[in-house]
Amino acid sequence: MTPIISLSHVDYAYPNSDVLALHDLSLTINQGEWVAIIGHNGSGKSTFAKLLNYLLAPTKGEIKINDVVANEENMWTIRDMVGMVFQNPDNQFVGATVADDVAFGMENRSVPREEMMKRVDDALTEVQMMPFADREPARLSGGQKQRVAIASVLALQPKILILDEATAMLDPKGRREMIALVRDLKARMGDDLTVISITHDIDEAASAERVMVINDGELIETGLPSEIFANADQLRRFGLAVPFAEQLKEKLRQRGITVPDEYLTTEGLVTWLWQSISTK
Ligand SMILES: Nc1ncnc2c1ncn2[C@@H]1O[C@H](COP(=O)(O)OP(=O)(O)OP(=O)(O)O)[C@@H](O)[C@H]1O
C-alpha cells in the first residue's frame, strides 16, 4: 500500500481564534482508498479538507500529498492533485452550459482545446451527464448538479477527490445516486482515485473502506465502517447519529432477543429478521 496523504502532528488555528480547530493530527491515507471522515458539527472536518488542498496552511506540522509537501511553493501542484466538491451545488457553477462548466478549470490550466473537448466528453460520460452537455446548469436537479461538479473535478485528472458534505443538500434519491456513482468510479479507477468523503450521512460513510472519527479537532478513532458503526455508545459519546439498524438491535436486545454482534445495514438486518422468523 502506498500512502498518498500523510499528516504529521498537524495543528491548525484560524487567524482570528486562539482555539485549535485541529490538534496534533497524524494520519495516513493510502492510494486508492475511500475514507469517510465523520464528526459532530464544528469538530474540524472541513478544516481538514481545506488543509488537504492548501486552501489553508497548517499552523504546525507537515502535510504531504503524494510525497509533495503542502506549502506555498507547491500550492498549485497540490491543487492539481486534490479536487474538491462542496455542499451547495448552486455555488459551484461558472459556465453557461454544463460542458462549458466542465471545461472551465481546464481553460485556466491551458489544456489544449482538442484534449479539453475529449476530457469534457469523458468526464460527463463518467457521471452519466453527457445528454445534458448543452443544458443550463441552473436548470438541473441538485443531484445532477453535484454529478457535474464531480465531472469538473475529474476532467482535471486529480489523484484525490474530496467530497465535503457533497450529498448533504440532496434528497434521498440524489444521495443514493451519488454514493452509487462514487462506488462505480472507485471500481473503474481503482488506485488511480482516492476518495475522501466528509459526511454526516451514515450510508455514505458506510460505503467507504475506512472511517475516521474526528472529535474537537482530534482524530480519535479509525476503523472499518462495520467496527465504527456497531459501537453505538461511542457514537453517542461523540455526538454522532447511531444507524437505524443498530438502534433497532438495541431495542431487540432489551427485549431479550439475541441479535448478531456485527454491524448490519438496514437491509442486512431485515434479511436477518426474515431468516430468524422463518426458522422459528
Ligand atoms: N473562518 C473561521 N474562523 C474562525 N473559526 C472557524 C472558522 N471556520 C471554522 N472555525 C471553527 O473551527 C472549528 C472547526 O470547524 P469546521 O468547519 O472545520 O468543522 P466541521 O466539522 O466541518 O463542522 P460542520 O460539520 O458543521 O461542517 C469550529 O470550532 C469552528 O467554529
Side-chain angles (χ1 to χ4, degrees), residues 5-29 34-63 65 70 72 75 78-79 82-92 142 145-146 149-150 153 160-172 174-175 178-179 182 194-208 210-223 225 228-229 231-232 234-243:
I5 295 172
S6 57
L7 273 73
S8 170
H9 304 293
V10 168
D11 282 359
Y12 184 79
Y14 282 93
N16 51 352
S17 159
D18 40 354
V19 183
L20 288 180
L22 290 176
H23 175 52
D24 199 23
L25 207 57
S26 293
L27 58 89
T28 303
I29 293 173
W34 180 359
V35 174
I37 311 285
I38 63 171
H40 65 73
N41 290 337
S43 56
K45 305 179 299 292
S46 291
T47 306
F48 171 64
K50 287 176 187 145
L51 284 165
L52 293 185
N53 80 341
Y54 207 71
L55 281 173
L56 297 175
T59 311
K60 221 163 92 184
E62 186 180 70
I63 300 178
I65 307 291
E72 198 78 29
M75 180 165 83
I78 298 285
R79 292 200 185 151
V82 185
M84 287 183 82
V85 174
F86 295 97
Q87 182 176 70
N88 190 341
D90 291 322
N91 291 348
Q92 327 208 29
K145 285 177 185 167
Q146 287 302 61
I150 291 184
V153 168
I160 300 162
L161 169 66
I162 300 183
L163 304 168
D164 187 359
E165 302 281 5
T167 62
M169 292 177 76
L170 305 183
D171 60 19
R175 215 172 276 183
M178 274 279 277
I179 297 169
V182 176
T194 303
V195 177
I196 316 276
S197 281
I198 290 173
T199 186
H200 284 108
D201 184 68
I202 288 169
D203 292 330
E204 186 179 343
S207 303
R210 202 148 63 102
V211 176
M212 292 182 174
V213 184
I214 295 189
N215 189 55
D216 297 339
E218 299 191 30
L219 177 68
I220 45 154
E221 190 73 82
T222 165
I228 302 285
F229 289 122
N231 196 340
Q234 175 172 275
L235 291 171
R236 286 198 187 93
R237 207 161 52 244
F238 298 125
L240 295 166
V242 177

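Just so you know, ligand 1 is whichever comes first in the structure, and atom 1 is the first atom listed for that ligand. Keep in mind that this is a model prediction, so the values were computed, not measured.
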Checklist outcome for this item: N16 heavy atoms within 4.0 Å reach ligand 1 at atoms 3 (N), 4 (C)
Item to check | Donor + acceptor pair across side chains of H23, D216 (<3.5 Å) | outcome: no
Item to check | Passing candidate, side-chain hydrogen bond (donor to acceptor under 3.5 Å, both in side chains) with T199, options E165, E204, K45 | outcome: E204
Next on the checklist: Tell me whether atom 31 (O) of ligand 1 lies less than 4.0 Å from at least one protein heavy-atom position.
Outcome noted: no
Item to check | Pick from Y14, Y12, F48: the one approaching atom 11 (C) of ligand 1 most closely through a non-hydrogen atom | outcome: Y14
Checklist entry - What are the atoms of ligand 1, with element, lying closer than 4.0 Å to any heavy atom of T47? => result 14 (C), 15 (O), 16 (P), 18 (O)
Checklist outcome for this item: The atoms of ligand 1 lying under 4.0 Å from a heavy atom of A21, numbered in the order shown, are 12 (O), 13 (C)
Next on the checklist: Out of G42, S17, A49, who is nearest to atom 13 (C) of ligand 1 when you count heavy atoms only?
Outcome noted: G42
Checklist entry - Just which atoms of ligand 1 are under 4.0 Å from any heavy atom in S43? => result 19 (O), 20 (P), 21 (O)
Next on the checklist: With a 4.0 Å cut-off on heavy atoms, is G39 in contact with ligand 1?
Outcome noted: no
Next on the checklist: Can you check which of K50, H40, K45 brings a heavy atom nearest to atom 20 (P) of ligand 1?
Outcome noted: K45
Checklist entry - Looking at ligand 1, does H200 have a heavy atom less than 4.0 Å from it? => result yes
Item to check | Geometric N/O contact G44 with ligand 1, under 3.5 angstrom | outcome: yes
Next on the checklist: Quick test of your reading of the model: are D203 and R175 salt-bridged, counting only N-O distances below 4.0 Å?
Outcome noted: no
